[in-house]
Visitor: 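Attaching a single structure in structure tokens format; questions to follow.
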There are 2 protein chains.
Amino acid sequence: MKDILLDFIAKYITLTEEEKDAILPMDIFHTVTKGTILLREGQYSKESYFVLKGCIRTYYLLDGEEKTTAFYTEMEALTPNCVVNQTPSEYFISCIEDTVLTISNADKEAEMNSKFPKFEIMCRKMSEELLAKQRFDFDEFKTSSPEQRYRNLLQNRPDLIQRVPQQQLASYLGIKPQSLSRLRARMYEKKS
Amino acid sequence: MKDILLDFIAKYITLTEEEKDAILPMDIFHTVTKGTILLREGQYSKESYFVLKGCIRTYYLLDGEEKTTAFYTEMEALTPNCVVNQTPSEYFISCIEDTVLTISNADKEAEMNSKFPKFEIMCRKMSEELLAKQRFDFDEFKTSSPEQRYRNLLQNRPDLIQRVPQQQLASYLGIKPQSLSRLRARMYEKKS
DNA sequence: TATATTTCTTAACTTAAGTTAAGAAATACG
DNA sequence: CGTATTTCTTAACTTAAGTTAAGAAATATA
């Protein structure tokens with residue numbers, strides 16, 4: 001399991017055995033069961049997450065309705081807005097599946113940075129890449145119809161369609177669950 | 001004009017007079033006229049922009065149609081995806097108004113970092129904040145209707161509605177120009 | 001200033017998403 | 001295993017966005 005984290009880090013920087021040994025005992029590994037809520041609206045959390053196995057989602061509660069806006073699966077990191085802005089969280093984070101993840105915070109990051117300065121360089125790179133990806137995804141969303149978005153998802157993250165409930169997928173695609181059902185029916189009858 | 005840059009930096013870090021003096025002669029200030037294209041699809045650029053005065057936009061050319069996805073005005077920074085990913089640009093960047101901006105690149109950033117290490121800390125902070133904002137905007141977009149998005153824009157960036165052509169605003173809102181016209185007509189007849 | 005060009009608005013029609021509701025399918029759980 | 005609960009699908013109807021086209025308004029330019 002811990003190899004996933006090291007593999008991920010290896011994409012950005014090269015670690016010595018010493019450094020690897022420094023990371024693992026940091027007590028950042030956690031196993032959480034399906035349905036666990038990691039963060040609630042209104043909380044002032046300082047925790048960042050990195051998914052090693054499983055799937056978590058962020059969702060807003062608007063007019064009593066859950067609006068899912070993002071999913072994080074293996075090798076994906078999430079620092080909630082509330083951590084960055086030091087404001088109460090506007091959304092919830094919950095586990096869609098039994099999930100193994102690392103939970104970190106500013107103190108632990110500082111510890112990492114002092115143990116090996118490369119770490120900061122890695123974070124910078126990750127942050128930049130994430131920003132670029134985020135912007136690309138947003139652009140793609142803006143310039144696509146719901147059907148195109150669904151086709152994109154099929155193309156790029158087919159696993160999500162299997163592992164995530166449709167109602168959550170729907171709001172992720174910016175539509176209602178009924179519309180997603182209909183859209184899919186439309187697509188599959190076109191094909192035949 | 002250069003004060004705008006210093007004011008912006010002051011939001012993140014405190015500069016000594018020496019440091020201020022180090023920044024200004026770096027030859028990063030440029031004035032570009034309305035209509036200038038700073039970056040074209042396909043180019044491998046390494047330049048980052050920071051708008052001091054004026055407005056620039058990013059747009060994709062899809063099926064011969066311009067799809068505007070973002071605007072950058074005073075005090076906003078843009079590092080194009082192609083710079084981060086080292087890939088050809090997927091979009092264009094052009095000036096909507098006569099614009100004053102700084103144009104920077106990795107070399108100049110390195111120069112800055114060596115001149116005062118605080119600079120790197122600032123970039124990290126900015127990057128994190130930007131990521132949080134970007135995610136928030138995306139979430140808001142996903143969970144809103146075109147009309148809500150327009151109302152949001154009226155609320156949060158009313159200047160854009162004045163300074164940006166409607167067809168560009170429309171794709172920024174994820175709809176067609178005709179739909180924006182109609183949407184506005186609908187809104188204003190409701191009010192009366 | 002007059003004319004050309006671009007941008008914006010309006011309208012009629014088409015397509016697809018939102019809404020409400022009911023039943024089917026899948027899942028949870030006693 | 002069977003029942004309860006949740007999730008998904010389907011359908012009919014409403015609302016709004018996409019499309020096509022034409023004319024008005026604004027802007028650029030000769």
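Chain identifiers are assigned alphabetically (A, B, ...) following the order of the sequence lines, protein sequences preceding nucleic acid strands; residue numbering begins at 1 within each chain.
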Visitor: Can you name the one residue among A/T68, A/T73, A/T69 that meets side-chain hydrogen bond (donor to acceptor under 3.5 Å, both in side chains) with A/R57?
Guide: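 Exactly one candidate clears the test, A/T68.
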Visitor: Using 4.0 Å as the upper bound for N to carboxylate O, is an ion pair formed by A/K125 and A/E129?
Guide: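 Here A/E129 does not pair with A/K125 in a salt bridge, since their nearest N and O are not under 4.0 Å apart.
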Visitor: Round to a whole Å and report the spacing from CD of A/E147 to P of D/dG18.
Guide: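 The answer, rounded to whole Å, is 14 Å.
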Visitor: Please determine, for the side chain of A/A185, which listed nucleotide (D/dA17, D/dT10, C/dA16) has the closest atom?
Guide: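 Nearest to the side chain of A/A185 among the choices is D/dT10.
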Visitor: Mind running salt bridge (Lys or Arg N to Asp or Glu O under 4.0 Å) on B/E120 and B/K115 for me, showing each step along the way?
Guide: CA-CA 11 Å; B/E120 185 140 20; B/K115 276 185 183 157; over 6 Å; no
Visitor: Whole angstroms only, please: what is the CG-C1' distance between B/L183 and C/dC8?
Guide: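 About 15 Å, once rounded to whole Å.
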Visitor: Is a donor on one side and an acceptor on the other found under 3.5 Å between the side chain of A/S171 and the backbone of A/G174?
Guide: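 Pair absent, no side-chain N/O of A/S171 close to backbone of A/G174.
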Visitor: Both B/K34 and B/S145 contact DNA chain D. Which one's nearest nucleotide lies toward the 5' end?
Guide: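 Its nearest nucleotide being more 5', the pick is B/S145.
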Visitor: Do the ring centers of B/Y72 and B/Y49 come within less than 6.0 Å of each other?
Guide: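 Between B/Y72 and B/Y49, the centre distance exceeds or equals 6.0 Å.
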Visitor: So what is the end-to-end bend of the helix from C/dT1-D/dA30 to C/dG30-D/dC1, with 5 pairs used at each end and the value given to 10 degrees?
Guide: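 Here the local axes at opposite ends form an angle of 50°.
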Visitor: In whole Å, I'd like the distance from the CG atom of A/L180 to the P atom of D/dT7.
Guide: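 One finds 15 Å between P of D/dT7 and CG of A/L180, rounded.
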Visitor: Expressed as a whole number of angstroms, how long is the span from B/E66:CD to C/dT6:P?
Guide: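 Atom-to-atom, B/E66 to C/dT6, this comes out as 13 Å.
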Visitor: Sort me out a list of protein N/O and nucleotides 19-25 of chain C N/O pairs below 3.5 Å, or just none if empty.
Guide:
from: C/dT20; atom 1: O4; to: A/Q178; atom 2: NE2; distance (Å): 3.4

Visitor: How long is the line joining CD of B/Q162 and C1' of C/dT7, in whole Å?
Guide: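 Going from B/Q162 (CD) to C/dT7 (C1'), I get 16 Å.
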Visitor: Rounded to whole Å, please give me the gap between CZ in A/R151 and C1' in C/dA16.
Guide: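 It works out to 14 Å between those atoms.
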Visitor: Using 4.0 Å as the upper bound for N to carboxylate O, is an ion pair formed by B/R124 and A/E109?
Guide: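 Looking at A/E109 and B/R124, the cut-off is met.
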Visitor: May I have the distance from B/I175 (atom CD1) to C/dT15 (atom C1'), rounded to whole angstrom?
Guide: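 Checked: the CD1 to C1' distance equals 16 Å.
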Visitor: Between A/R163 and A/E97, does at least one N-O distance fall below 4.0 Å, as a salt bridge requires?
Guide: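 Yes, charged N to carboxylate O under 4.0 Å.
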Visitor: Once you apply a heavy-atom cut-off of 4.0 Å, does A/P146 come out as touching a base, just sugar-phosphate, or nothing?
Guide: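 Here A/P146 touches the backbone only, sparing every base.
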Visitor: Taking the six-membered ring for Trp and the full ring for Phe, Tyr or His, determine whether the centres of A/F138 and B/F141 are under 6.0 Å apart.
Guide: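 Yes, close enough.
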Visitor: Output the rounded distance in Å from CZ (B/R163) to P (D/dT27).
Guide: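 Result: 16 Å.
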Visitor: For the residue pair A/Y60 / A/E41, report whether a side-chain donor-acceptor contact shorter than 3.5 Å exists.
Guide: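 No pair is found: no donor N or O on one side chain lies under 3.5 Å from an acceptor on the other.
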